[in-house]
Asks: 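Before anything else, here's the structure in question.
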Amino acid sequence: MPDGLATAGIQELGTEVLSTRGTITNGLSSPIRGFRFTANFEGLGTTSFKSVTGFSSTVSESEYREGGFGYLTKRKLPGLVEYGEIKLEKGLYSNPLLYNFFNDFLEGSNFTPVNAVITVFNNAGEPTASWSVINAWPKAYESTDLNAEDSAILIESLTLLHEGIKRDVTVATA
């Protein structure tokens with residue numbers, strides 16, 4: 001195999017496994033750390049969270065048996081894309097922002113899906129990764145239980161359904 005063919009595929013995928021662009025780490029890039037992030041919702045503003053989970057997308061498959069060729073196997077074709085539920089968790093404050101967002105949707109006073117941008121920052125406070133959530137709406141709101149024998153911080157969570165999530169690659173390359 002000619003030189004360059006094996007590594008060209010890896011670089012085209014953008015995995016940066018063999019990247020030599022970094023100068024601080026002796027030529028090797030390090031993975032992004034996921035502990036400093038915010039979520040900016042249209043109409044709600046920017047909020048920090050304890051955790052954001054559910055970044056997933058899956059392509060369903062359609063199977064059918066094609067006749068006349070003598071094969072006993074099914075053909076598989078790509079179907080619709082399914083996106084995972086995004087769950088946002090944060091400490092409960094006196095400002096009921098997340099609850100009001102859910103309750104307004106529940107009562108029908110705000111039945112408009114919103115877009116959101118979730119951004120991860122490095123230690124210097126610079127954005128390193130970003131995802132856009134398209135047409136999100138609240139599915140569930142919950143708060144941790146109250147217990148007179150426990151002094152833990154109350155956590156509220158909001159589960160969102162959405163129509164897509166896209167990674168913004170310009171943040172990482174900027």
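Keep in mind it's a predicted model, so treat the numbers as computed, not measured.
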Asks: Is it true that E142 and K87 have a side-chain N and a carboxylate O under 4.0 angstrom from each other?
Replies: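 A salt bridge links E142 with K87.
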
Asks: Would you give the length of the straight line joining atom CG of N135 to atom CG of L160, rounded to the nearest 0.5 angstrom?
Replies: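 One finds 12.0 Å between CG of N135 and CG of L160.
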
Asks: Just do the side chain to side chain contact (heavy atoms under 4.5 Å, CB included) check on K90 and L98 with the steps written out, would you?
Replies: CA-CA 10 Å; K90 66 187 284 306; L98 290 183; 3.4 Å; yes

Asks: Taking the side chain as everything from C-beta on, heavy atoms only, tell me whether V59 gets closer than 4.5 Å to L80.
Replies: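 No - every pair of side-chain heavy atoms lies 4.5 Å or more apart.
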
Asks: Between CZ of F37 and CH2 of W131, what distance do you get to the nearest 0.5 Å?
Replies: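 So the gap between those two atoms works out to 10.0 Å.
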
Asks: Where the side chain of H162 meets the backbone of G84, is there a donor-acceptor pair that is under 3.5 Å apart?
Replies: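 Yes, because the side chain of H162 sits within donor-acceptor range (under 3.5 Å) of the backbone of G84.
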
Asks: Surrounding CG of L77 (heavy atoms of other residues, nucleotides or ligands, distance under 6.0 Å), is the total greater than 12?
Replies: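 Yes.
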
Asks: Examine L88 and L106 and state if one hydrophobic cluster contains both, with Ile, Leu, Val, Met, Phe, Trp and Tyr joined whenever side-chain heavy atoms are less than 4.5 Å apart.
Replies: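 As far as the 4.5 Å side-chain criterion goes, L106 and L88 are connected within one cluster.
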
Asks: OG of S143 to CG of L154: how many Å apart, nearest 0.5 Å?
Replies: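 With rounding to 0.5 Å, OG (S143) is 5.0 Å from CG (L154).
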
Asks: Evaluate side chain to side chain contact (heavy atoms under 4.5 Å, CB included) for N115 paired with F41, printing each intermediate quantity in order.
Replies: CA-CA 6 Å; N115 295 328; F41 290 88; over 6 Å; no

Asks: Can you tell me if R36 uses its side chain to pair, donor with acceptor, with the backbone of N123 under 3.5 Å?
Replies: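 Checking the backbone N and O of N123 against the side chain of R36, a donor-acceptor pair under 3.5 Å is found.
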
Asks: If you compare all heavy atoms of Y141 against all heavy atoms of E156, which two are closest, and at what distance to 0.1 Å?
Replies: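 Distance-wise, the nearest heavy atoms are OH-OE1, 2.7 Å.
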
Asks: Please confirm whether the backbone N or O of S130 pairs with a side-chain atom of T119, one donor and one acceptor, at under 3.5 Å?
Replies: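 Looks like no, no N/O pair under 3.5 Å.
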
Asks: Is it true that atom CG of N147 has more than 12 heavy atoms of other residues, nucleotides or ligands lying nearer than 6.0 Å?
Replies: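 More than 12 within 6.0 Å, yes.
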
Asks: Under 4.5 Å between any side-chain heavy atoms of T53 and I86, yes or no?
Replies: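 They are not in contact (no side-chain heavy atoms under 4.5 Å apart), so the answer is no.
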
Asks: Between K139 and E85, is there a side-chain N and carboxylate O pair less than 4.0 Å apart?
Replies: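 Yes, this pair counts.
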
Asks: Can you give me the closest heavy-atom contact between I118 and A39, atom names plus distance?
Replies: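 So the minimum-distance heavy-atom pair works out to CG1-CB, 4.0 Å.
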
Asks: Before giving the answer on side chain to side chain contact (heavy atoms under 4.5 Å, CB included), spell out for N40 and T47 the whole-Å C-alpha distance, their side-chain angles and the decisive distance to 0.1 Å.
Replies: CA-CA 6 Å; N40 185 328; T47 308; over 6 Å; no

Asks: Quick one: CZ on F55 to OH on Y83, what's the gap to the nearest 0.5 Å?
Replies: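 Answer for the CZ-OH pair, F55 versus Y83, is 13.5 Å.
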
Asks: Do T38 side-chain atoms and S48 backbone N/O form a donor-acceptor pair below 3.5 Å?
Replies: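 Answer holds: no.
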
Asks: For the pair L92 and I155, evaluate side chain to side chain contact (heavy atoms under 4.5 Å, CB included) and give the outcome as yes or no after the intermediate values.
Replies: CA-CA 5 Å; L92 182 69; I155 303 294; over 6 Å; no

Asks: Which value, rounded to the nearest 0.5 Å, describes the distance between N122 atom CG and T128 atom OG1?
Replies: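 Answer rounded to 0.5 Å: 5.5 Å.
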
Asks: Give, for atom CG of N100 and atom CZ of F105, the distance between the pair rounded to the nearest 0.5 Å.
Replies: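 N100 atom CG to F105 atom CZ measures 15.0 Å (nearest 0.5 Å).
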
Asks: With sequence neighbours left out, which residue pairs that include part of residues 103-125 fulfil the salt bridge (charged side-chain N to carboxylate O under 4.0 Å, His left out) condition?
Replies: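 Residue pairs passing salt bridge (charged side-chain N to carboxylate O under 4.0 Å, His left out), neighbours aside: none found.
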
Asks: Are V120 and I32 side-chain neighbours, meaning at least one heavy-atom pair lies under 4.5 Å?
Replies: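 They are in side-chain contact.
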
Asks: Same hydrophobic cluster for L97 and V117, using side-chain heavy-atom links shorter than 4.5 Å among ILVMFWY?
Replies: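 Different clusters.
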
Asks: Can you name the nearest heavy-atom pair linking S62 to G79, along with the distance?
Replies: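 S62 and G79 have their closest heavy atoms at OG-CA, 4.4 Å.
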
Asks: How far apart are the closest heavy atoms of F49 and E89, and which atoms are they?
Replies: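 Closest heavy-atom pair between F49 and E89: CB-O, 3.3 Å.
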
